[in-house]
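Following: one structure in structure tokens, then a few remarks.
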Number of protein chains: 2
Amino acid sequence: MTASVARADNRPSPRKRAGNGAAARDAADGVGLDALAGHAGYAVRRFQIWIFQDFIKTLGEVDIRPTQYSVLTVIGANPGLSQMAVAKRLGIERARLVHLLDSLEQRKLVKRIKSKTDRRSHALHLTAQGETALAKFKRLAAEHERHVEAKIGRENRQHLLRILADFT
Amino acid sequence: MTASVARADNRPSPRKRAGNGAAARDAADGVGLDALAGHAGYAVRRFQIWIFQDFIKTLGEVDIRPTQYSVLTVIGANPGLSQMAVAKRLGIERARLVHLLDSLEQRKLVKRIKSKTDRRSHALHLTAQGETALAKFKRLAAEHERHVEAKIGRENRQHLLRILADFT
DNA sequence: GGCAATTGTTGTCGTCAACAACAATCTTTC
DNA sequence: GAAAGATTGTTGTTGACGACAACAATTGCC
């Protein structure tokens, strides 16, 4: 709403490559990025921000953020995992996972069950409500994924997933 | 587990797909990610974290973080830009840019010059010290970029840059 | 039995995106 | 030319997130 309406979102950007040393002026505002264009990290960061914003927006009606979704997905696929295992798998601090689970448990999507074999740890499970909710989340996430496809192209997305498979 | 020179960069990840319904157990801990593996956002996020950590570490000796580097690069390539223009170009909140510039100005890398034509805005320039410093930063950033190449492969990085060119 | 390691938890700190509000300064409009 | 509206830089707040440190309860090791 606040932001100016203008700005065509469609950025073809076939960036033909200017000569070489010349400061390649960028289409958007006539501001050149120069060296920045050659940095993978910059492109990845901008892309990641775009993806997350679309994810948050697409799953907005159910109020689920990317991290929450990843937690629910892992628990759904591996019931009974400990918090430590989930945290390690997702690369989340176990301290942070505590708050995430507090929230998800309050919403009755997840339950912590005291482990009999190791009384320190909790076995994580989805509630029945959590199962059906996750099913809906997955449908919305698939919709989000189609947005990604529409943005970068079908086979580009495929190739991207292949390139980054090791980080999954 | 810090450096991990790991030559195993070439992991085409032929994750050929286990059967179908079976929870494809992942190598790491035997914890399946299931649906998460098909989400571009998850892979991109993990990759972005890896990239930033390597960037921060590689540019650690000069204490420059990715965002600071991007700001310096844009100002270096386009001297005289206003804060608003830089913020818009990099997708940074102008509120946030204020603190970034405060820091960079304290370190005598950047200077804000009152614009004569528009007394609201500041024209941003690198100091002489900032110029030479940026040259060094760029060398270190190039080294970081080589780390990325070593991690995902040369042509994979190229392809990645091409796929995400619109976000640059 | 004693000591180190692990698990969940609490708390702090710093980064970062998203807003809101404000003073100073253009810009537009009447 | 003055009033109304928009823009620029600034300050402050909020909330998500990663990195640590410390702690109690529990387990594993010797």
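In this text the structure is predicted, and so the values were computed from the model without any measurement. Convention: sequence-line order gives letters A, B, ...; per-chain numbering from 1.
A ring-ring contact (aromatic ring centres under 6.0 Å, His included) check over residues 81-116 of chain B, counting only residues at least two apart or in different chains, returns nothing.
Annotation: the span from B:Trp50 atom CH2 to A:Asp166 atom CG amounts to 11.0 Å, rounded to 0.5 Å.
Not counting sequence neighbours, B:Gln158 has no partner by the side-chain hydrogen bond (donor to acceptor under 3.5 Å, both in side chains) test. Looking at residues two or more places apart in sequence or on another chain, you find a ring pair (Phe, Tyr, Trp, His ring centres under 6.0 Å) between B:Phe55 and B:Tyr69, B:His144. Every residue two or more places apart in sequence or in another chain was checked for a ring pair (Phe, Tyr, Trp, His ring centres under 6.0 Å) with A:His125, and none qualifies.
Of the side-chain N and O atoms in B:Gln53, one or more sit less than 4.0 angstrom from OP1 or OP2 of D:dA19. Between D:dT27 and A:Arg119, a contact under 4.0 Å exists linking OP1 or OP2 to a side-chain N or O.
A heavy atom lying under 4.0 Å from DNA chain C marks the following residues of residues 58-68 of chain B, by number: B:Arg65, B:Thr67.
Atom CZ of A:Phe55 is separated from atom P of D:dC17 by 11 Å (rounded to the nearest Å). Regarding B:Gln48, its CD atom lies at a distance of 12 Å from the C1' atom of C:dT15, rounded to whole Å.
Taking for each of A:Lys116 and A:Ile92 the nucleotide of DNA chain D with the nearest heavy atom, the 5'-most of the two is the partner of A:Ile92.
B:Ile152 places a side-chain heavy atom less than 4.5 Å from the side chain of A:Phe167. At least one side-chain heavy atom of B:Arg45 sits under 4.5 Å from a side-chain heavy atom of A:Phe52.
Evaluated for a salt bridge (charged side-chain N to carboxylate O under 4.0 Å, His left out) with B:Asp118, the options B:Lys114, B:Arg120, B:Lys116 yield exactly one hit, B:Arg120.
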At under 4.0 Å between heavy atoms, how does the protein contact nucleotides 9-14 of chain D? Give one character per nucleotide, 5' to 3', with B, S or -. BBBB--
